Amino acid sequence: MILKNLHTENKPVQTQLLFEPKDAKVISLQIAKGETLKEHISKIPALLVCISGNAVFTNEKGTVVNLNSGTYVMIEENVKHAVKAIDESNFLLMK
C-alpha cells in the first residue's frame, strides 16, 4: 500500500487514521542488504512502514508485498511473517 494514496482530497493539509496500536510502541528497524528478518509471529497487530530501501514482506497466508519508500503493510496478529531486504532498508514498526 502507498501512503500517498490515502490522501484523496484536494486540500493542502490532510490526515487519515492509519493505525490505532494497543501498545504505544514505535520501533526503528534496519535490515542490511540481502538479510532477512526471520519468520516470526506478532501477538498484536502492527504497522510496518518502509522509509527507505527495497524489501519483500511475506506471510504464511501467501501474502507478498514489495516494500519501498512510502509503502506499508498491516501485519496481522498471530500470523507468521518475514521481511527480506533486497537493498539496505529502513522501517518504522508501530504496535
Side-chain angles (χ1 to χ4, degrees):
M1 300 182 139
I2 301 170
L3 290 170
K4 185 176 181 177
N5 292 348
L6 294 173
H7 304 285
T8 58
E9 297 180 44
N10 188 17
K11 294 181 178 179
V13 177
Q14 299 178 49
T15 62
Q16 179 69 26
L17 179 62
L18 186 61
F19 186 67
E20 286 190 84
K22 294 178 183 177
D23 293 332
K25 290 183 185 178
V26 178
I27 300 163
S28 175
L29 170 64
Q30 179 172 291
I31 306 174
K33 179 179 180 176
E35 296 296 321
T36 301
L37 176 62
K38 67 181 182 177
E39 191 173 63
H40 62 285
I41 294 174
S42 177
K43 294 180 182 176
I44 60 173
L47 173 68
L48 182 65
V49 179
C50 184
I51 303 303
S52 65
N54 182 17
V56 178
F57 170 90
T58 57
N59 71 20
E60 66 183 339
K61 291 184 169 185
T63 301
V64 177
V65 179
N66 292 316
L67 296 168
N68 50 52
S69 180
T71 59
Y72 66 95
V73 64
M74 301 295 291
I75 300 172
E76 297 178 60
E77 60 188 304
N78 300 316
V79 175
K80 285 183 186 178
H81 59 278
V83 180
K84 178 171 178 62
I86 307 306
D87 299 315
E88 181 177 90
S89 300
N90 290 278
F91 305 91
L92 289 178
L93 176 64
M94 291 158 257
K95 58 182 183 173

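Keep in mind that what you see is a predicted model, and the values were worked out from it rather than measured.
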Flag the pair Lys84 and Glu35 as a salt bridge only when some basic side-chain nitrogen lies within less than 4.0 angstrom of an acidic carboxylate oxygen.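 No, Lys84 and Glu35 are not salt-bridged.
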In the structure I gave you, are the side-chain heavy atoms of [X] and [Y] within less than 4.5 Å of one another anywhere?
X	Y	value
Val56	Thr58	yes
Glu39	His81	no
Tyr72	Ile2	no
Phe57	Val64	no
Leu37	Leu29	yes
Val49	Met94	yes

Least distance between heavy atoms, Ala46 atom then Lys95 atom: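 Taking every non-hydrogen atom into account, CB-CB, 3.8 Å.
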Can you see which heavy atom on Ala55 is nearest to which on Ser89, and at what distance?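 In terms of heavy atoms, the two residues are closest at CB-OG, 3.9 Å.
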Any link between Leu92 and Leu47 through a network of hydrophobic side chains (Ile, Leu, Val, Met, Phe, Trp, Tyr) touching at under 4.5 Å?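 Yes.
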Please tell me whether Leu6 and Met74 are part of a single hydrophobic cluster in this structure, the criterion being side-chain heavy atoms less than 4.5 Å apart.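 As far as the 4.5 Å side-chain criterion goes, Met74 and Leu6 are connected within one cluster.
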Leu67 pairs by side-chain contact (heavy atoms from CB on, under 4.5 Å) with which of Ile51, Leu48, Ile86?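 Of the listed residues Ile51, Leu48, Ile86, the side-chain contact (heavy atoms from CB on, under 4.5 Å) partner of Leu67 is Leu48.
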Applying side-chain contact (heavy atoms from CB on, under 4.5 Å) to Ser42 and Glu76, what does each step give before you reach the verdict? CA-CA 7 Å; Ser42 177; Glu76 297 178 60; over 6 Å; no
Please test Asn59 against Lys80 for side-chain contact (heavy atoms from CB on, under 4.5 Å), starting from the C-alpha separation and ending with a verdict. CA-CA 6 Å; Asn59 71 20; Lys80 285 183 186 178; over 6 Å; no
CD on Glu88 to CD1 on Ile31, rounded to 0.5 Å: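 One gets 10.5 Å once the value is rounded to the nearest 0.5 Å.
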